[in-house]
Amino acid sequence: MRTRFAPSPTGSLHIGGLRTALFNWLFARHHNGAFILRIEDTDQKRFDPTALDTLMEALRWAGLQWDEGPEVGGAYGPYVQSERVALYQQWAKWLVENDKAYYCYCSSERLQQVNKEKEARKEPPGYDRRCRDLTPEQRAAYEAQGITPVIRFKMPLDGQTVVRDAIRGESVFDNANQQDAVLLKSDGFPTYHLAVVVDDHFMEISHVMRAIEWFPSFPLHVQLWQAFGWEMPVHAHLPVMLNPNGKGKMSKRNPPRDKYGNLIPVMVHDYIRAGYLPEAMTNFLANIGWNFGDEREFFTMDEAIQRFDLARVNPANSAFPVEKLDWLNGEHIRALPTDELARRLRTVLVDAGFAVDDDLLRRVTPLVQMRLKTLNEIISLAGFFFRDEFLPAPPEELIQEKMDAQNTCRALERAYEALSTLDDFSHAAQEAVLRPLTEELGLKPRQLFGALRVAVTGQRVATPLFETNEILGKDVVLKRIKTASQSLVCQP
RNA sequence: GGCCCCAUCGUCUAGCGGUCUAGGAUGUCACCCUUUCAAGGUGAAGACACGGGUUCGAGUCCCGUUGGGGCUACCA
């Protein structure tokens with residue numbers, strides 16, 4: 001079994017592209033086959049020299065290593081279409097010689113004119129096939145004018161094309177509705193239609209899994225395979241991922257938003273930057289349009305490989321379920337060994353400009369592990385551990401529910417006294433003196449501990465108080481409590 | 001507009017003629033736990049788009065309607 005992912009390098013990798021790549025990869029791995037990366041860079045106008053690296057980086061991040069393709073090579077190369085142009089030209093010519101295709105000399109101006117007229121007559125747009133049956137004399141006349149022709153496919157004028165998709169079965173298209181598509185452009189480069197058939201054939205691809213957007217050109221491809229007389233691989237068209245509201249497919253134009261109106265990313269790199277785990281991302285994507293087979297939705301890619309099967313691919317399009325991504329990311333964060341999580345958090349902190357003490361990070365990590373939905377949340381939740389300078393909260397933040405400045409100040413002073421007596425500053429030792437203090441002061445634990453948390457961390461929402469204090473150390477903690485109580489101007 | 005694809009809780013899905021008074025997950029809400037926030041536990045609300053067939057029997061098969069989506073380039 002051989003599958004391929006064949007993106008065009010026009011920018012960073014689209015999240016939908018990653019899903020397509022993932023399904024191809026899972027299928028190949030399940031069957032112990034090969035997963036091939038092929039670069040479809042036949043559109044010179046949209047060429048972006050940095051895109052290929054970005055694309056490969058995204059695939060590697062997701063763990064989708066390819067067995068053949070750029071950088072790794074393989075027996076069916078080259079794997080970049082711009083390096084295969086001679087092959088496409090050769091086979092385009094073969095089609096012309098065998099009366100399956102023809103040279104077309106029409107200018108794009110004429111094509112536009114034809115479409116304008118068709119539109120006026122309320123006819124569907126399309127080429128009028130003027131060059132389909134040119135005499136040798138007519139051709140010679142055009143050639144004499146120095147016009148570089150394109151090569152168009154001779155689509156059968158009548159009859160039907162039956163296509164077979166592994167996910168939805170057979171569909172029938174009337175040939176009369178089809179176009180004589182351009183196969184070879186006047187710049188000598190192939191269009192997608194020619195290149196995909198030639199490459200899938202010579203690269204011996206056994207299963208083509210691609211986006212449903214290709215379905216309308218499927219009859220053309222089927223006719224091309226037949227014209228060449230080559231055996232066609234199994235084709236499966238994957239459903240599209242729609243915006244979370246179900247309106248239109250995910251794209252940069254038509255930016256997707258979650259139910260609160262927040263923009264959600266479309267590009268893989270934006271998810272990387274946002275602190276999502278590759279384990280979560282692939283797990284999430286595998287659950288869209290495919291399912292594990294039992295009721296589990298949380299699984300590893302090794303487990304998915306064991307079970308991956310085209311029969312469980314759902315033909316229906318789906319809205320992008322963003323909330324599940326956050327949930328799954330949290331689950332994967334919790335499933336990580338603590339030192340591994342620390343390693344990944346380190347990158348986030350360093351990127352945010354913190355000087356990271358690894359010993360400190362190792363102690364903080366267990367406190368945040370069950371609280372993070374994304375790695376980036378470490379900054380807002382526990383960034384205070386790593387900041388050089390302490391940023392105290394405004395004094396009013398110290399005052400808890402049903403308390404006032406006076407009793408808050410008093411409580412902080414009493415806590416200061418209690419903690420300063422401790423030689424052992426472990427969280428257990430702190431709790432042993434602070435919990436009785438709540439009763440003595442007639443406060444609820446949430447009131448006293450809440451005030452202390454704000455005093456010590458500078459935030460209302462933070463890591464658990466005693467464990468946090470233990471890491472910060474007695475000196476720092478006492479100093480911050482004093483600062484806090486002084487900010488409240490207590491009455492004696 | 002034309003061609004094509006699709007249709008189960010808000011969302012992702014299970015269901016491949018009888019086991020469906022439709023299962024799971026997420027999200028929402030409530031309660032429990034609780035030092036904040038999480039995590040965890042318990043529970044609640046929540047769907048077979050509609051109309052015809054076929055069949056002893058339809059969420060499951062067929063047709064139509066409606067709705068949604070995709071495509072309609074010398075882009076992929």
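A note on names: the letters A, B, ... follow the listed sequences, proteins ahead of strands, and every chain is numbered from 1.
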Ring centres under 6.0 angstrom apart (A/H221, A/Y192): yes
Using a cut-off of less than 4.0 Å, is there contact between a side-chain N or O of A/R446 and OP1 or OP2 of B/U34? no
Tell me, with the steps shown, if A/E213 and A/K249 meet salt bridge (charged side-chain N to carboxylate O under 4.0 Å, His left out). CA-CA 10 Å; A/E213 284 94 319; A/K249 58 177 183 180; 2.9 Å; yes
Sugar-phosphate only, base, or nothing, as touched by A/F466 at under 4.0 Å among non-hydrogen atoms: base
How many whole angstroms separate atom CG of A/L328 from atom C1' of B/C12? 10 Å
Starting the side chain at C-beta, find the nucleotide from B/C12, B/C37, B/C4 nearest to A/V461. B/C37
So does A/E297 reach the base of B/G24 with its side chain, donor to acceptor, closer than 3.5 Å? yes
So what does A/N314 touch, heavy atoms closer than 4.0 Å: a base, only the sugar-phosphate, or nothing? sugar-phosphate
B/C74, B/U13, B/U35: which one has an atom nearest the side-chain heavy atoms of A/N291? B/U13
Short side-chain N/O contact to B/A76 OP1/OP2 from A/T42, under 4.0 Å: yes
When we call it a touch if two heavy atoms are under 4.0 Å apart, what does A/P190 touch: a base, just sugar-phosphate, or nothing? sugar-phosphate
Side-chain N or O of A/R312 closer than 4.0 Å to phosphate OP1/OP2 of B/G15: yes
Base B/A25 to side chain A/K324, donor-acceptor N/O within 3.5 Å cut-off: yes
Of the listed nucleotides (B/A76, B/U13, B/G69), which one gets closest to any side-chain atom of A/N317? B/G69
Aromatic ring proximity A/F284/A/Y271, centre distance under 6.0 Å: no
Nucleotide nearest A/P216 when distance is taken to its side chain, options B/C71, B/G27, B/C12: B/C71
Mind checking A/V150 for me? I need base, sugar-phosphate or nothing, with any heavy atom below 4.0 Å counting as a touch. base
Answer with yes or no whether the side chains of A/D174 and A/Q160 bring together a donor and an acceptor at under 3.5 Å. yes
Tell me: OH of A/Y192 to C1' of B/A73, nearest whole Å? 15 Å
Closest-nucleotide 5' rank along RNA chain B - winner of A/K247 and A/P315: A/P315
Counting heavy atoms from C-beta on, name the nucleotide in B/C74, B/G70, B/G27 closest to the side chain of A/E323. B/G27
Against the six-membered ring of A/Y127, is A/R152 placed for a cation-pi contact (under 6.0 Å from the centre, within 45° of the normal)? yes
Please determine if a side-chain N or O atom of A/R371 lies less than 4.0 Å away from the OP1 or OP2 oxygen of B/A39. no
Is it the case that B/C74 (base atoms only) and A/S186 (side chain only) share a donor and an acceptor within less than 3.5 Å, ignoring hydrogens and angles? yes
Of the candidate nucleotides B/A76, B/A25, B/G40, which contains the atom at the shortest distance from the side chain of A/T191? B/A76
Winner on side-chain proximity to A/E467, out of B/A76, B/U35, B/C12, is B/U35
Check whether the side chains of A/H237 and A/D165 place a donor and an acceptor atom closer than 3.5 Å, and report yes or no. yes
Winner on side-chain proximity to A/R334, out of B/C74, B/A39, B/U35, is B/A39
For A/S318 and B/U13, is the shortest distance between a side-chain N/O and OP1 or OP2 below 4.0 Å? yes
Return the nearest nucleotide to the side chain of A/E331; candidates are B/C74, B/C4, B/G40. B/G40
With respect to the phosphate group of B/C71, does any side-chain polar atom (N or O) of A/K249 fall under 4.0 Å of OP1 or OP2? yes
With respect to the side chain of A/M370, which nucleotide from B/A39, B/C12, B/U35 is positioned closest? B/A39
Can you find a side chain N or O atom of A/K45 that sits less than 4.0 Å from OP1 or OP2 on B/C75? yes
